[in-house]
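Report on the structure given below.
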Amino acid sequence: MAALLFRDDAYLKACEVTVLAVHGDAVELDRTIFYPLGGGQAGDTGKIGSWRVIDTRKGPLPDQVLHVLEPGANPTVGAEVEAHIDWERRHRLMRLHTALHLLGAVVKAPVTGGRINDDKAHLDFDIEMEHLVKDAIEAQLNELVRSATATRAQWITDAELDSRPELVRTMSVAPPRGEGRVRLLEIPGIDLQACGGTHVANTGEIGALKVVRIRSEGKRNKRVTLELA
Ligand SMILES: [Zn+2]
């Protein structure tokens with residue numbers, strides 16, 4: 001079981017690691033700064049020593065993180081090397097991820113899905129199309145960005161989360177249960193919800209946002225897609 005350093009500090013760009021195990025084309029480390037695909041957020045890329053990491057996924061065990069290497073990498077168990085994430089890409093993911101928390105606060109409707117890539121992000125809402133006005137949503141988002149509100153994480157127990165269902169906007173992007181505790185992301189006065197992803201420290205760091213598309217993806221899925229302006 002690796003130490004998941006990104007949970008407590010999303011700004012770590014590099015760290016010393018030891019290769020614990022090799023599973024096919026993926027390696028497991030004693031500690032990691034690589035966020036594995038989950039909660040709608042894409043997995044990190046980067047380098048472990050001289051090996052290129054093309055994706056990061058959760059393993060079958062709790063807190064197991066599999067760093068998927070490019071073909072032919074040939075890693076060795078016990079190697080002690082330096083790991084780096086692709087920080088520019090991760091920072092875009094953090095900005096867009098935090099932007100989705102703002103979007104969830106602006107659009108008052110149940111969230112039915114979501115996805116964060118490094119170039120764009122979307123949430124799906126159970127809402128009628130006529131309530132989604134592109135220019136109004138974009139203006140409110142940018143107002144929240146300009147409010148430069150600090151974000152903060154806190155931990156609660158699974159039992160506390162069960163007693164406060166309003167903290168989970170959608171099961172499709174909910175953090176994993178069963179570890180005894182769940183992380184909350186709070187943007188004071190704007191949003192508070194269970195979330196295991198990586199966020200920027202202040203909404204001002206997101207920078208200007210564009211609503212690039214609003215489209216119906218089904219009766220209960222009206223998709224609002226954002227990009228960094
Ligand atoms: Zn989040």
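All ligand and atom numbering here is 1-based and tracks the order in the structure.
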Should [X] and [Y] be counted in the same cluster of Ile, Leu, Val, Met, Phe, Trp and Tyr side chains packed under 4.5 Å apart?
{"X": "L4", "Y": "V19", "answer": "no"}
{"X": "V65", "Y": "I116", "answer": "no"}
{"X": "V212", "Y": "L132", "answer": "no"}

| request: Start with the C-alpha distance between D8 and L5, add both sets of side-chain angles, then the distance that settles side-chain contact (heavy atoms from CB on, under 4.5 Å), and finish with yes or no. | output: CA-CA 6 Å; D8 294 315; L5 305 181; over 6 Å; no

| field | For A139, all residues meeting side chain to side chain contact (heavy atoms under 4.5 Å, CB included), sequence neighbours excluded | value |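 Expected list: none.
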
| query | Could D63 and R7 be called an ion pair, given the rule that one side-chain N must be under 4.0 Å from one carboxylate O? | reply |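 Result for this pair is yes, salt bridge flagged.
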
| Heteroatom count (protein N, O or S) under 2.8 Å of the Zn ion (ligand 1) |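 Every protein N, O or S atom under 2.8 Å from the Zn ion (ligand 1) counted, the figure is 4.
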
